[in-house]
Amino acid sequence: MGNSVLDGRASAVSGDGVITKFYTSTAWIEGRAEQQLEEIAGWTGVQRVAAFPDLHPGKYGPVGCAVLADRIFPQLIGNDIGCGMSLFQLDLPVRKLKLEKALPRMRILGEPGSEDQGWRLESVGLPTDMFATSLGTIGGGNHFCEVQTVAEAEGSTGLDASRLYLLVHSGSRGLGNAVLDSVPPGAYAGLQEDCDAARAYLKDHGNAVRWASLNRQIIAERAAEALRADLTRLVDAPHNLLARHGEGWLHRKGAAVADRGFVPLAGSRASASFLMDASSHGDALGSLAHGAGRRYDRSSMHGRVRAKRSDIEGMQRTPFGGRVLCEDRDLLIEEAPLAYKSSKAVAEDLERTGAGHRVAEFHPLLTFKKTRDGRRS
DNA sequence: ATGTGC
């Protein structure tokens with residue numbers, strides 16, 4: 001079972017599927033994540049797997065990989081179908097942002113979106129009442145809406161360091177969850193594309209992908225409105241989705257679509273995020289890491305960080321002089337910077353293995369996670 | 001991850 005190829009240029013066989021790892025021996029990768037990688041590679045129908053340095057264990061398989069198969073495995077996409085990162089430019093100069101004023105205004109993101117969003121759903125070909133009350137809400141877990149500054153950027157990016165940017169990480173909320181729930185028993189063994197269950201899944205999955213993308217757009221619009229700014233979307237990069245790939249099906253799980261432009265690689269709330277240019281590496285399956293990746297699982301975080309009042313207050317500030325709006329104590333702890341790998345180390349491994357390279361670095365100023373009253377946020 | 005489970 002030798003699958004120790006680390007340079008992204010060669011591959012090793014494990015079971016049926018060929019695994020290519022886009023990380024070096026310096027990467028923080030849990031043994032359990034690599035076990036999951038090998039298990040998946042051994043599933044009947046799996047042909048190729050690309051694994052990225054943000055790899056970490058997940059419920060049905062590792063997060064941070066792209067899996068090419070001759071059939072459809074709905075569980076490899078998971079419940080948050082269409083989840084991804086979108087990057088927006090605000091027409092707001094950095095020098096105009098007053099953190100203490102902007103922070104309370106961002107609270108609007110913790111409230112349900114306006115009821116009048118049927119036309120937005122219709123505009124992307126979705127039923128006007130499809131999970132309409134959740135539209136424009138970021139959800140829980142690792143989701144966020146972040147105001148960023150440009151620390152460094154290549155000219156080719158067209159980024160303007162005097163402006164503010166928004167990075168939104170969110171997905172399809174209850175919709176994607178309902179889609180995974182609706183899959184018939186037995187589907188986890190793999191669906192052939194010419195069966196009714198596969199056709200139903202593909203249709204529902206497509207809806208969830210469109211819903212999630214619209215959701216990120218509306219979240220950004222709400223944040224921009226709170227900051228009294230206009231916005232332009234620069235990147236929309238989903239990382240949990242299924243796509244046709246040649247004759248097969250490409251399952252991206254925490255692996256960003258990297259064959260249609262730059263890809264955001266999110267750091268923790270207290271570290272840099274990067275904009276990556278993927279190198280069209282033949283074995284990377286048109287994908288790239290989507291973020292720093294989890295270092296420690298949620299439950300173990302409660303034993304790893306102190307949570308006195310002063311500690312909690314400290315976690316609401318960042319080394320960049322930024323602020324974190326997260327009034328859920330457990331979430332604040334579970335998403336502490338310690339819970340994540342180094343985004344810089346992840347980016348460097350992508351560069352060393354030829355999967356992609358950094359074209360810009362962003363630093364967070366304001367991170368919106370959750371308000372106390374926003375029970376449905 | 002989840003208009004949130006025991």
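Per chain, numbering begins at 1; letters A, B, ... match sequence-line order.
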Gap between atoms [atom1] and [atom2], on [X] and [N] respectively (whole Å):
X        : N     : atom1 : atom2 : result
A:Arg173 : B:dT4 : CZ    : C1'   : 11 Å
A:Asp328 : B:dT2 : CG    : P     : 13 Å
A:Asp80  : B:dT2 : CG    : P     : 6 Å
A:Asn177 : B:dT4 : CG    : P     : 10 Å
A:Lys59  : B:dT4 : NZ    : C1'   : 12 Å
A:Leu175 : B:dT2 : CG    : C1'   : 12 Å
A:Leu331 : B:dT4 : CG    : P     : 17 Å
A:Lys370 : B:dT2 : NZ    : P     : 10 Å

Exercise. Closest heavy-atom contact between A:Leu103 and A:Leu325?
Worked result: O-CD1, 3.3 Å
Could you pull out all donor-acceptor pairs under 3.5 Å where a side-chain atom in residues 49-59 of chain A meets a protein atom, sequence neighbours excluded?
| from | atom 1 | to | atom 2 | distance (Å) |
| --- | --- | --- | --- | --- |
| A:Asp54 | OD2 | A:His290 | N | 2.9 |
| A:Asp54 | OD2 | A:His290 | ND1 | 2.6 |
| A:Asp54 | OD2 | A:Gly291 | N | 3.4 |
| A:His56 | ND1 | A:Asp54 | O | 2.9 |
| A:His56 | ND1 | A:Arg294 | N | 3.4 |

Exercise. Below 4.5 Å, heavy atoms only, C-beta onward: do A:Leu265 and A:Leu288 meet side chain to side chain?
Worked result: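 In short, these two side chains do not touch, never coming nearer than 4.5 Å.
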Exercise. In the hydrophobic clustering that connects Ile, Leu, Val, Met, Phe, Trp and Tyr at side-chain heavy-atom distances below 4.5 Å, which members other than A:Val235 occupy its cluster, ordered by chain and number?
Worked result: A:Met85, A:Leu87, A:Phe144, A:Val150, A:Leu159, A:Tyr165, A:Leu167, A:Leu234, A:Phe262, A:Leu275, A:Val359, A:Phe362
Exercise. Contact class for A:Gly78 vs. all strands (heavy atom < 4.0 Å): base, sugar-phosphate, or nothing?
Worked result: nothing
